[in-house]
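What follows is a single structure, written as structure tokens, with notes after it.
None of these values were measured; they are calculated from a predicted model.
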Amino acid sequence: MPALPRTLHLLAIVALLVAVAGCAIQPARDEDPWQGMNRKAFNFNQKFDNAVAKPVARGYVKVTSAEVRLLVSNFFDNLQMPISIVNDVLQVRPVGAAQNTGRFLVNSTIGLAGLFDPAGKLGLRADPTDFGVTLARWGVPQGPYLVIPFLGPSSVRDFPAYLADTYFLNPMSYWTRDHNFRYYAEYLPYTLYLVQLRASLLNTDQFLNSAYDPYVMLRDAYLQRRNYLIYHGNPPTSLLENFNGSGAGGSHQGGSESDMEALLARQRAYDRAHAAQPARAAPAPASSAPPAAPAPIAPPPAGSVAPAHATSVAPAASSARAQGSLILTPAPATSAGG
């Protein structure tokens, strides 16, 4: 009998934690007081992307088939799934943790170390998250927006969280620390991951370059993506209205309502299609707005990107997936092209 009161006490604590976490959520906000410094980092990232990352990604696309790129993308997506699983636990999301764990186990075994995605056919859709989202769910403010050299969009909250995810939860980090090959060959898997991630973002370049102010477009897309992750695909209407012009991040700063709506619509359409048909290319935008990149860099060093970080869309891509903050969610490898 004494075990029953202890169980009820534990359940009460868990329920309280869930309630507190839900009330304390700190969404991504358009706070950019360091814009002068950020624009310099943004310009540097663009030059690096044009000189190094983009040419390498295009060369990778030329020497590989869409099927090979899909296998590589699947493998690295699965390899970084522990980041989402651990953060689901920290966010007190047992359903998300169970879903991501099931996906990881199925793809790691039946899917041959994640090369294939049988979990997607079973309805186990990926629900990416990261430590930056965990901090936001527990009430840690975002702080000013940041553009990190080589990595891309981030914030005072998300950048340290990305480093923590990378060091403690990313299996590739353990691999590089535990091995010391000649010519730094232990970094080859991570290099391939970054090249694949940049290649998957090649089709977003035209959209970003056509923006009136690419810096603002990328910043708004990144913040939208962070809110999408923080609220697990269902951000409050008030946040969308804030980005669409009634708040600090509105269209008067260089974006537009149709652009922001298209970004979020594209993100949701991509997630639905990727869950149902993981081997097919990302769908077209759900709205009639101008073509939008799948919304989120970062990282993705994650998304962007990410993560998902990006524009350098490539540097952004470097942290995109791992950080879950990729401004622009990479399309499946089958859609990557020059």
Side-chain angles (χ1 to χ4, degrees), residues 53 56 60 69-91 93 96-117 119 124 126-135 148-152 154 157-200 229 297-309 314-326 330 333:
V56 171
Y60 170 74
R69 295 195 296 276
L70 179 61
L71 294 178
V72 173
S73 180
N74 287 344
F75 173 78
F76 285 115
D77 283 348
N78 187 68
L79 188 64
Q80 296 183 80
M81 189 56 68
I83 295 175
S84 293
I85 295 171
V86 172
N87 280 289
D88 276 326
V89 174
L90 294 176
Q91 294 168 30
R93 297 185 66 248
Q99 178 172 309
N100 282 329
T101 300
R103 178 179 176 82
F104 178 68
L105 293 176
V106 170
N107 284 351
S108 297
T109 53
I110 302 175
L112 302 180
L115 292 174
F116 301 96
D117 184 23
L124 294 172
D127 185 11
T129 189
D130 56 69
F131 192 51
V133 173
T134 298
L135 294 178
I148 310 297
F150 298 109
L151 297 181
S154 190
R157 176 184 65 203
D158 291 338
F159 181 55
Y162 160 72
L163 296 178
D165 276 339
T166 300
Y167 188 84
F168 294 108
L169 300 179
N170 192 333
M172 285 188 289
S173 178
Y174 287 93
W175 168 264
T176 55
R177 293 201 300 267
D178 294 343
H179 295 82
N180 185 21
F181 301 130
R182 293 183 63 185
Y183 309 114
Y184 301 99
E186 65 272 19
Y187 289 96
L188 286 177
Y190 194 71
T191 302
L192 176 59
Y193 163 70
L194 296 181
V195 172
Q196 165 61 38
L197 193 55
R198 182 60 184 97
S200 70
L229 291 175
I297 201 86
S304 83
V305 121
H309 293 312
S318 63
S319 70
R321 288 274 179 88
Q323 187 174 359
S325 53
L326 189 51

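Between the CG atom of Asp130 and the CG atom of Leu169 there is a distance of 10.0 Å, given to the nearest 0.5 Å. Asn107 CG to Thr109 OG1: the interatomic distance, rounded to the nearest 0.5 Å, is 8.0 Å. Tyr183 contributes atom OH, which lies 13.0 Å from atom CG of Leu188 (distance to the nearest 0.5 angstrom). Remark: Thr191 OG1 to Gln196 CD distance equals 13.5 Å, nearest 0.5 Å.
A side-chain donor-acceptor contact under 3.5 Å links Tyr174 to the backbone of Phe168. No donor-acceptor pair closer than 3.5 Å links the side chain of Ser108 to the backbone N or O of Leu105.
Between Ala97 and Val89, the shortest heavy-atom contact is CB-CG2, 4.1 Å. Nearest heavy atoms, Ser84 versus Asn100: CB-ND2, 3.7 Å. Scanning all heavy atoms of the two residues, the minimum distance from Pro189 to Ala185 falls at CD-O, 4.0 Å. Minimum interatomic distance between Phe181 and Glu186 (heavy atoms only, all atoms of both residues): N-OE1, 3.0 Å. Scanning both residues, Thr176 and Ser173, for their nearest heavy atoms gives OG1-O, 2.9 Å. Nearest heavy atoms, Arg157 versus Gly132: NE-O, 3.8 Å.
Phe116 places a side-chain heavy atom less than 4.5 Å from the side chain of Leu71. Residues Gln91 and Thr129 have side chains in contact (heavy-atom distance under 4.5 Å, counting atoms from C-beta outward).
Under the side-chain hydrogen bond (donor to acceptor under 3.5 Å, both in side chains) test applied with Arg103, the options Asp117, Asp77, Asp127 reduce to a single match, Asp117. When each of Leu115, Leu197, Leu192 is paired with Val72, the side chain to side chain contact (heavy atoms under 4.5 Å, CB included) condition holds for Leu192 and for no other.
A donor-acceptor pair shorter than 3.5 Å cannot be found between the side chains of Asp165 and Asn170. Between Thr134 and Asn87, the side chains place a donor N or O and an acceptor N or O closer than 3.5 Å (distance only, hydrogens not considered).
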Verdict with reasoning, Phe159 to Leu151, per side-chain contact (heavy atoms from CB on, under 4.5 Å): CA-CA 10 Å; Phe159 181 55; Leu151 297 181; 3.5 Å; yes
Criterion side-chain contact (heavy atoms from CB on, under 4.5 Å) on Gln80 and Tyr193, from CA distance to verdict: CA-CA 11 Å; Gln80 296 183 80; Tyr193 163 70; 3.1 Å; yes
